[in-house]
Trainee: 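Sharing a structure, written as structure tokens. Questions coming.
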Amino acid sequence: MALNIFKYFTLLLCLTVAAYGQRTPTISHITQEQIRDIGGQVDLDCSVHYAQDYPVLWVKYDRLKTTESLPLSTNSGLIIRDSRFSLRFDAASATYTLSIKDIQETDAGWYQCQVIITVSNKITAEVELQVRRPPIISDNSTRSLVASEGESAQMECYAGGFPPPKISWRRENNAILPTGGSIYRGNILKVTSVHKEDRGTYYCVAENGVGKGARRNINLEVEFAPVVTVPRPRLGQALQYDMDLECHVEAYPPPAISWLKDEVQLSNNQHYRISHFATADEFTDTTLRVITIEKRQYGMFTCKAQNKLGTDEGQVELFETIIPVCPPACGQARYAGAAALAPAAGTAAALLAAYTVLLLARFAHTRH
């Protein structure tokens with residue numbers, strides 16, 4: 001009887017061992033998705049059962065290119081030589097732990113735990129490691145833009161990083177955007193109809209909470225026809241003295257500027273000197289100096305500005321006075337080609353007083 005019981009338990013043990021030997025390996029646990037900062041550390045766990053006789057691997061692979069994979073470890077040993085990686089095996093829980101320290105941006109991706117059954121058969125489980133990265137504005141973002149007044153304009157801004165950055169737009173000095181308000185959110189800033197006031201610097205700002213964010217300056221140039229303004233439409237000066245006639249021109253692209261009198265274009269010579277001062281890309285001050293004024297030079301002068309988008313002009317009248325106007329008469333006046341000092345301010349005041357006395361004397365003589 002005792003012999004039969006012994007045979008029964010021996011048979012049961014053999015059947016148990018045989019059954020245990022036929023169990024298929026399984027992965028009972030894999031770490032869930034992990035998010036880490038650059039420079040941090042992460043532990044990836046893979047727990048397996050019934051895999052004592054099978055190779056267990058950690059592999060880094062590309063989901064888009066499944067043929068490209070990098071084996072990192074096999075069973076309890078590392079394959080790669082990288083001091084940032086280490087592997088631990090806990091026999092009690094049959095857990096293989098892949099540790100990565102000083103995490104780099106290139107460590108982001110999918111990590112797969114594999115149990116190799118045969119050449120063509122394996123059991124797998126995977127976990128994604130995401131690495132927080134500060135925003136970097138992409139090269140396909142707008143750098144500068146030129147648009148003609150009245151046309152539509154579109155500025156685009158894209159950025160990489162994790163979490164995905166959010167894009168906002170601002171103008172220099174927090175000026176109002178063409179879309180209204182001082183901030184616009186979105187990858188594309190579209191202006192339906194551009195005006196010259198819209199020109200200037202725009203800021204594309206990418207932020208995701210990692211670092212200080214990224215910014216790109218985008219310059220919007222608006223082409224528009226010239227606008228000519230005349231600060232002093234009427235100017236008087238005495239004979240044989242100089243006088244400066246001025247015009248202010250606003251245009252882009254920079255225009256061709258000319259001065260005319262009686263529909264004849266003037267040039268630099270002994271009678272005229274033309275100067276242009278560009279105060280900015282869109283602003284030009286132009287000055288015509290009439291030198292040693294003669295009778296025939298009194299009258300209407302025209303300053304004309306022209307670019308590919310249009311033409312504008314302004315007019316300045318030069319009339320005769322008895323008393324010299326200072327400036328520019330405070331400088332040198334020319335008489336028949338010779339240079340002589342023009343009256344100084346005190347002299348001009350004395351002349352004005354003498355002229356006033358003369359007028360009063362004439363007035364008194366007329367009454368008598």
Side-chain angles (χ1 to χ4, degrees), residues 144-150 171-173 175 194-202 217 219-294 296-321 323-334 339 342 344-345 348:
S144 62
L145 187 64
V146 178
S148 296
E149 193 167 29
R171 283 188 73 176
E172 191 173 21
N173 300 322
V194 173
H195 300 286
K196 64 181 180 181
E197 294 78 16
D198 298 329
R199 66 186 184 274
T201 301
Y202 291 73
N217 298 352
N219 190 46
L220 173 62
E221 291 284 4
V222 179
E223 297 181 329
F224 58 96
V227 177
V228 176
T229 55
V230 179
R232 294 183 292 172
R234 296 187 76 249
L235 293 167
Q237 185 59 290
L239 281 168
Q240 295 297 305
Y241 286 89
D242 296 353
M243 194 59 192
D244 289 338
L245 314 183
E246 299 175 354
C247 275
H248 177 77
V249 180
E250 185 180 7
Y252 191 83
I257 300 174
S258 57
W259 282 89
L260 301 93
K261 186 178 188 302
D262 302 327
E263 298 184 358
V264 176
Q265 184 170 335
L266 305 177
S267 59
N268 288 319
N269 53 36
Q270 70 271 27
H271 300 296
Y272 300 104
R273 184 164 71 245
I274 299 172
S275 303
H276 303 314
F277 304 94
T279 57
D281 287 343
E282 305 89 0
F283 301 102
T284 303
D285 292 328
T286 178
T287 301
L288 172 68
R289 172 161 288 194
V290 186
I291 303 170
T292 316
I293 298 173
E294 302 173 2
R296 63 183 178 84
Q297 291 175 296
Y298 290 113
M300 197 67 71
F301 291 80
T302 301
C303 63
K304 183 178 180 181
Q306 180 177 10
N307 66 10
K308 66 179 183 179
L309 296 176
T311 304
D312 195 23
E313 60 184 38
Q315 292 186 323
V316 184
E317 181 185 1
L318 178 62
F319 62 90
E320 183 179 357
T321 63
I323 302 301
V325 176
C326 175
C330 306
Q332 287 196 345
R334 294 169 179 80

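Residue numbers run from 1 in the order of the sequence given. Only a predicted model underlies this, so the values are computations on that prediction, with no experimental measurement involved.
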Trainee: Which value, rounded to the nearest 0.5 Å, describes the distance between Gln315 atom CD and Leu260 atom CG?
Mentor: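 Those atoms lie 10.0 Å apart.
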Trainee: Which atom pair, heavy atoms only, marks the closest approach of Glu197 to Arg171?
Mentor: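 Closest pair (atom of Glu197, atom of Arg171, distance): O-NH2, 3.3 Å.
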Trainee: Go through it in stages, so that I can follow the logic: the residues are Leu220 and Val146, the test is side-chain contact (heavy atoms from CB on, under 4.5 Å), and I'd like the CA-CA distance, side-chain angles, deciding distance and then a yes or no.
Mentor: CA-CA 6 Å; Leu220 173 62; Val146 178; over 6 Å; no
Trainee: Calculate, to the nearest 0.5 Å, the distance between atoms NZ and CG belonging to Lys261 and Leu318 respectively.
Mentor: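 Here the interatomic distance stands at 8.5 Å.
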Trainee: Can you check whether Pro254's main-chain N or O pairs, donor with acceptor, with Asn307's side chain at less than 3.5 Å?
Mentor: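 No, because the side chain of Asn307 does not come within donor-acceptor range (under 3.5 Å) of the backbone of Pro254.
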Trainee: Can you tell me if Asn173 uses its side chain to pair, donor with acceptor, with the backbone of Ala175 under 3.5 Å?
Mentor: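 No; judged by distance alone, with no hydrogens or angles, the pair does not exist.
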Trainee: Under the side-chain contact (heavy atoms from CB on, under 4.5 Å) rule, what do Leu288 and Asp244 come out as? Steps first, then yes or no, please.
Mentor: CA-CA 6 Å; Leu288 172 68; Asp244 289 338; over 6 Å; no
Trainee: Please examine the side chains of Arg289 and Asp242, heavy atoms only from C-beta on, and report whether any two atoms are closer than 4.5 Å.
Mentor: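 Counting from C-beta outward, Asp242 and Arg289 do come under 4.5 Å.
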Trainee: Please report the C-alpha distance between Glu149 and His195 in whole Å, then the side-chain angles of each, then the deciding distance to 0.1 Å, and finally whether the side-chain contact (heavy atoms from CB on, under 4.5 Å) criterion is met.
Mentor: CA-CA 5 Å; Glu149 193 167 29; His195 300 286; 4.3 Å; yes
Trainee: How close do Lys304 and Thr311 get, heavy atom to heavy atom, and via which atoms?
Mentor: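 Closest approach of Lys304 to Thr311, heavy atoms only: CE-CG2, 3.6 Å.
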Trainee: Compare all side-chain heavy atoms of Glu282 with those of Glu221 and state whether any distance is below 4.5 angstrom.
Mentor: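 SC-SC contact between Glu282 and Glu221 confirmed.
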Trainee: Using side-chain heavy atoms (C-beta onward) and a distance below 4.5 Å, is Tyr241 in contact with Val290?
Mentor: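 Side chain of Tyr241 against side chain of Val290, heavy atoms only: no contact under 4.5 Å found.
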Trainee: Quick check for you: to the nearest 0.5 Å, what is the distance between Thr292 atom OG1 and Leu239 atom CG?
Mentor: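 Here the rounded value is 11.0 Å.
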Trainee: Report the distance from atom CE of Met243 to atom CG of Leu235, rounding to the nearest 0.5 Å.
Mentor: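 These two atoms lie 4.5 Å from each other.
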Trainee: Salt bridge or not for Arg234 and Glu317, using N-O below 4.0 Å?
Mentor: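 Result for this pair is yes, salt bridge flagged.
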Trainee: For His276 and Thr286, which heavy atoms make the closest approach, and how far apart are they?
Mentor: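 For His276 and Thr286, the tightest heavy-atom pair comes out as ND1-OG1, 3.0 Å.
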Trainee: Roughly how far, to the nearest 0.5 Å, is OH of Tyr272 from CG of Leu245?
Mentor: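 Separation between the atoms: 9.0 Å.
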Trainee: Between Glu250 and Arg199, is there a salt bridge with N-O shorter than 4.0 Å?
Mentor: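 Between Glu250 and Arg199 there is a salt bridge, with a charged N closer than 4.0 Å to a carboxylate O.
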Trainee: Please check this pair: side chain of Asp285 against backbone of His248, looking for a donor-acceptor N/O pair closer than 3.5 Å.
Mentor: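 A pair under 3.5 Å: no.
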Trainee: When you compare the side chain of Thr287 with that of Ile274, does any pair of heavy atoms fall below 4.5 Å?
Mentor: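 Answer no - side chains too far apart.
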Trainee: Considering only heavy atoms from C-beta outward, does the side chain of Tyr252 approach that of Leu309 to under 4.5 Å?
Mentor: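 SC-SC contact between Tyr252 and Leu309 ruled out.
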Trainee: Taking the side chain as C-beta and beyond, is there a heavy-atom pair between Arg232 and Glu246 under 4.5 Å?
Mentor: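 Counting from C-beta outward, Arg232 and Glu246 do come under 4.5 Å.
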Trainee: Output the distance between atom CD (Gln237) and atom OG1 (Thr321), rounded to the nearest 0.5 Å.
Mentor: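 If I round to the nearest 0.5 Å, the distance is 5.5 Å.
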Trainee: Looking only at heavy atoms, which two atoms of Gly236 and Val325 are closest? And how far apart?
Mentor: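 The pair with the smallest heavy-atom distance is O-CG2, 3.0 Å.
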Trainee: Given side chains that start at C-beta, do those of Thr284 and Thr279 come closer than 4.5 Å, heavy atoms only?
Mentor: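 Sidechains of Thr279 and Thr284: no contact.
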Trainee: Quick one: salt bridge (charged side-chain N to carboxylate O under 4.0 Å, His left out) partners of Glu223, sequence neighbours excluded?
Mentor: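 Lys308.
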Trainee: Going by heavy atoms in the side chains, are Asn217 and Tyr202 under 4.5 Å from each other?
Mentor: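 Side chain of Asn217 against side chain of Tyr202, heavy atoms only: no contact under 4.5 Å found.
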Trainee: Please give me the minimum heavy-atom distance between Pro226 and Pro255, naming the atom from each residue.
Mentor: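 Result for this residue pair: CG-CB, 4.2 Å.
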Trainee: For a side-chain contact (heavy atoms from CB on, under 4.5 Å) check, start with the C-alpha distance between Thr302 and Trp259, then their side-chain angles and the critical distance, and finish with the verdict.
Mentor: CA-CA 6 Å; Thr302 301; Trp259 282 89; over 6 Å; no
Trainee: Considering non-hydrogen atoms only, spot the tightest contact between Ser148 and Val194 and give its length.
Mentor: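 It is O-CB, 4.2 Å.
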